[in-house]
Amino acid sequence: MTTAPPAPTITLLIPAFQEEQALPATIANIAALDPQPDEILLVDGGSTDTTIALAKAAGFCAIVAPEKGRGPQINHGVAQANGDYVLILHADSLLPTDAIAHVRTTLAETKLALASFCPIIRGAKLRWFTTAHNFVKTWYPIVTHPRLFFKGVRLLFGDHAMFFRRSDYLAVGGIPAEATIMEEADLCIRLAQRGKVKLTLKPVITSDRRIAEWGPLKANYLYLKIGIMWTFGARERLKDIYPDIR
């Protein structure tokens with residue numbers, strides 16, 4: 001009788017910085033996942049609050065990256081990860097209970113290099129306009145990168161819950177060092193060398209804290225402005241107009 005190969009292992013990787021307010025809900029959400037990830041790795045950017053203490057108390061492996069920034073932290077975390085697949089989760093985002101099974105099922109498609117859950121932006125209320133805008137933005141490559149679009153690339157804006165094979169990530173060099181903002185879009189472009197990029201319809205709930213701080217009009221204007229600036233190469237200026245909100 002033929003023995004089935006073991007299921008690919010999964011590392012849940014959380015880049016974090018000063019996330020003591022968001023982490024308790026995320027920790028509770030992760031505890032409810034069924035099945036559980038094989039490894040939970042929080043990669044900190046030098047927090048001075050209780051972020052690392054909360055992660056360790058929850059049983060996570062918590063490490064500090066040598067450089068702050070979501071891109072460098074993710075690169076460092078993937079290098080340290082033990083899983084065959086890596087699921088990146090924002091510290092303020094909540095996964096569906098069957099998220100790990102969804103990652104395995106989705107990446108069983110060998111032509112797929114990168115996939116994402118569909119972000120639903122919610123705080124005290126559902127931010128339906130920004131949620132819809134995020135979905136529409138995945139079609140931007142039909143204008144900005146038509147060659148990639150017709151190869152199957154949906155440019156993902158917001159790495160709220162993206163996942164990929166660790167081997168593919170390492171093969172393309174991960175997120176570019178200069179990508180301080182829009183790192184997920186740069187990763188899409190790189191991983192398109194390895195296969196398709198796909199937005200799945202499985203939802204992930206992510207915080208509306210930027211919209212609550214800025215208001216919906218300003219927030220969506222900035223999201224659009226940043227996307228246009230990134231497209232035309234003005235990447236060194238992006239960080240100045242997209243400050244951290246905690």
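This structure is a prediction, so every number in the text was calculated from the model and none was measured. Computed from heavy atoms alone, side chains included, the values below leave out hydrogens, waters and symmetry copies.
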Are [X] and [Y] side-chain neighbours, meaning at least one heavy-atom pair lies under 4.5 Å?
X: V103; Y: F117; answer: yes
X: N75; Y: E67; answer: no
X: R70; Y: H90; answer: yes
X: D186; Y: E183; answer: no

Exercise. Is there a donor in the side chain of T200 and an acceptor in the side chain of H102, or the other way round, less than 3.5 Å apart?
Worked result: yes

Problem set entry | Candidate list V86, L42, L95, test side chain to side chain contact (heavy atoms under 4.5 Å, CB included), partner L12, passing option | L95

Any donor and acceptor pair, going by atom type alone, linking the side chain of [X] with main-chain N or O of [Y] inside 3.5 Å?
X: T9; Y: D84; value: yes
X: Q18; Y: T48; value: yes
X: S93; Y: L89; value: no
X: R166; Y: V78; value: yes
X: Q73; Y: A65; value: no
X: D44; Y: S47; value: yes
X: R165; Y: L107; value: yes
X: E39; Y: N82; value: yes
X: T26; Y: A91; value: yes

Rounded at 0.5 Å granularity, tell me how far [atom1] in [X] sits from [atom2] in [Y].
X: I205; Y: L94; atom1: CD1; atom2: CG; value: 7.0 Å
X: I100; Y: T105; atom1: CD1; atom2: OG1; value: 11.0 Å
X: L112; Y: K198; atom1: CG; atom2: NZ; value: 6.5 Å
X: T106; Y: L114; atom1: OG1; atom2: CG; value: 11.5 Å
X: L33; Y: T97; atom1: CG; atom2: OG1; value: 7.0 Å
X: I14; Y: I74; atom1: CD1; atom2: CD1; value: 11.5 Å

How close do [X] and [Y] get, heavy atom to heavy atom, and via which atoms?
X: H76; Y: V64; answer: NE2-O, 4.0 Å
X: P96; Y: P203; answer: CD-O, 3.1 Å
X: K68; Y: G45; answer: CB-O, 3.4 Å
X: L13; Y: G77; answer: CD1-C, 3.3 Å
X: E19; Y: A16; answer: CG-CB, 4.1 Å
X: A113; Y: G195; answer: CB-N, 3.6 Å

Problem set entry | side chain to side chain contact (heavy atoms under 4.5 Å, CB included) between F163 and I10, intermediate numbers included | CA-CA 10 Å; F163 50 97; I10 297 179; over 6 Å; no

Exercise. Is I52 linked to L23 within one hydrophobic cluster, defined over Ile, Leu, Val, Met, Phe, Trp and Tyr using a side-chain heavy-atom separation of less than 4.5 Å?
Worked result: no

For this session: Give a yes or no on whether L170 and L41 share a hydrophobic cluster (residues Ile, Leu, Val, Met, Phe, Trp, Tyr; joining criterion: side-chain heavy atoms under 4.5 Å apart).
Result: yes

For this session: Return the orientation label for the Y169 and F164 ring planes: parallel under 30°, perpendicular over 60°, tilted otherwise.
Result: parallel

Problem set entry | Check ion pair D38-R104 (N to O, under 4.0 angstrom) | yes

